[in-house]
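All values below were derived from every heavy atom in this structure, side-chain atoms included, with hydrogens, water molecules and symmetry-related copies excluded.
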Amino acid sequence: MHAWEKSYPPGVAWSDPLPPPQPVEQLLIDAAVKWPERTAIDFYDYTISFAQLHRLATQAAEEFQKRGVGPGVNVALHLGNTPHFVICAFGVLLA
């Protein structure tokens, strides 16, 4: 047993198999399906649910695609630590 395994929940081990790889944006898609009304972002008492975040990120992705963003295109985001960054980051991944 590794020292850090002491902090793992019961039944979880370092040697447990990893789930199959998936794109990062799939995490948002799955969360929007599984917990559509749960809060994804709470920013100064303004909340966005997973379903809303997915919808906003999809809209951002469509706009990014209109501007040429797609697989293999590098994108830099220069935004503050706000909901806009999360929306645009997932938007880029979805594009």
Side-chain angles (χ1 to χ4, degrees):
M1 177 186 250
H2 298 284
W4 55 84
E5 286 187 84
K6 293 177 195 169
S7 64
Y8 287 8
V12 176
W14 177 257
S15 59
D16 286 348
L18 295 172
Q22 64 179 353
V24 174
E25 62 272 20
Q26 191 64 45
L27 295 171
L28 174 59
I29 295 165
D30 292 347
V33 169
K34 191 171 182 178
W35 307 296
E37 300 307 317
R38 280 200 188 169
T39 300
I41 298 173
D42 185 341
F43 185 75
Y44 290 104
D45 295 325
Y46 177 75
T47 60
I48 298 174
S49 70
F50 282 108
Q52 290 170 313
L53 177 57
H54 181 252
R55 187 176 65 253
L56 291 167
T58 299
Q59 290 172 349
E62 291 168 359
E63 293 301 319
F64 286 134
Q65 288 172 332
K66 289 178 187 175
R67 287 158 179 75
V69 175
V73 173
N74 295 321
V75 176
L77 296 176
H78 185 75
L79 297 165
N81 189 13
T82 66
H84 301 89
F85 182 86
V86 179
I87 293 164
C88 288
F90 276 113
V92 169
L93 292 171
L94 290 167

Mind listing the closest non-hydrogen atom pair of [X] and [Y] along with its distance?
| X | Y | result |
| --- | --- | --- |
| Phe50 | Ala32 | O-CB, 3.7 Å |
| Gly91 | Phe64 | C-CD1, 3.8 Å |
| Phe90 | Val24 | CE2-O, 4.1 Å |
| Gly68 | Val73 | O-CG2, 3.5 Å |

ask   = Is the CG atom of Asn81 crowded by more than 12 outside heavy atoms at less than 6.0 Å?
value = no

query = Is the backbone N or O of His2 less than 3.5 Å from a side-chain atom of Glu5, with the two atoms forming a donor-acceptor pair by type?
reply = yes

Short side-chain to backbone donor-acceptor contact, Asp16 and Ala13, under 3.5 Å = yes

Test log, rule salt bridge (Lys or Arg N to Asp or Glu O under 4.0 Å), inputs Glu62 and Lys66 = CA-CA 6 Å; Glu62 291 168 359; Lys66 289 178 187 175; over 6 Å; no

Out of curiosity, does [Y] fall in the hydrophobic cluster containing [X] (side-chain heavy atoms, cut-off under 4.5 Å, transitive links)?
| X | Y | answer |
| --- | --- | --- |
| Leu77 | Val69 | yes |
| Leu79 | Leu94 | no |
| Ile41 | Tyr44 | yes |

request  = List the steps, then state whether side-chain contact (heavy atoms from CB on, under 4.5 Å) holds for Leu27 with Gln22.
outcome  = CA-CA 8 Å; Leu27 295 171; Gln22 64 179 353; 3.5 Å; yes

ask   = Hey, which of Leu56, Leu28, Leu53 is the one that makes side-chain contact (heavy atoms from CB on, under 4.5 Å) with Val86?
value = Leu53

task = Please work out whether the ring planes of Trp14 and Trp4 are parallel, tilted or perpendicular, with thresholds of 30° and 60°.
result = perpendicular

key: Gap between atom CZ of Arg55 and atom CD1 of Ile87 - 0.5 Å precision   = 10.0 Å

